[in-house]
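Since the structure comes first, as structure tokens, the remarks are kept for the end.
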Amino acid sequence: RPLVAECRGSSGALMKTIRYDGYQPIGGKVLLVSFTIRDEIGGKTTSVRLGSYDATVAPESAYSVQALKNYR
């Protein structure tokens, strides 16, 4: 489970920091339920809480090259 991620620009400058604040057991697995993103340039912070997880199985066709083009 990650605790912190640093996102850097092509110059190596720190752009954003993500802190993974909370994990909980859900459906027999420990899943991420909250994280905070800090914009290191502007100083703004965004907190995200994930409220519900739904166990679904994606069909194999969802991972085809053609299907992935739709996610751009």
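Computed over heavy atoms, backbone and side chain alike; hydrogens, waters and symmetry mates excluded.
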**Non-hydrogen atoms of Met15 and Gly9 that approach each other most closely** = CG-N, 3.4 Å
**Asked** Between atom CZ of Arg8 and atom CG of Leu14, what is the distance when rounded to the nearest 0.5 Å?
**Response** 5.0 Å
**Request:** Output all residues satisfying salt bridge (charged side-chain N to carboxylate O under 4.0 Å, His left out) with Arg19, sequence neighbours left out; order by chain, then residue number.
**Result:** none
**Message:** Between Val4 and Ile18, is there a side-chain heavy-atom distance shorter than 4.5 Å?
**Reply:** no
**Complete:** Heavy-atom closest pair (Ala62 atom, Ala58 atom, distance to 0.1 Å) is CB-CB, 4.3 Å
**Prompt:** Atom CZ of Arg38 and atom CD of Glu6: how far apart are they, to the nearest 0.5 Å?
**Reply:** 12.5 Å
**Message:** When you compare the side chain of Arg49 with that of Val33, does any pair of heavy atoms fall below 4.5 Å?
**Reply:** no
**With Ile26, the side-chain contact (heavy atoms from CB on, under 4.5 Å) member among Leu50, Leu31, Leu32** = Leu31
**Request:** Taking all heavy atoms of Ser61 and all of Ala67, pick out the closest pair and write down the distance.
**Result:** O-CB, 3.3 Å
**Prompt:** Do Val48 and Ser34 come within less than 4.5 Å of each other through their side chains, counting heavy atoms only?
**Reply:** no
**Request:** Would you list the pairs meeting side chain to side chain donor-acceptor pair (under 3.5 Å) in which at least one residue belongs to residues 20-33, sequence neighbours left out?
**Result:** Asp21-Thr36
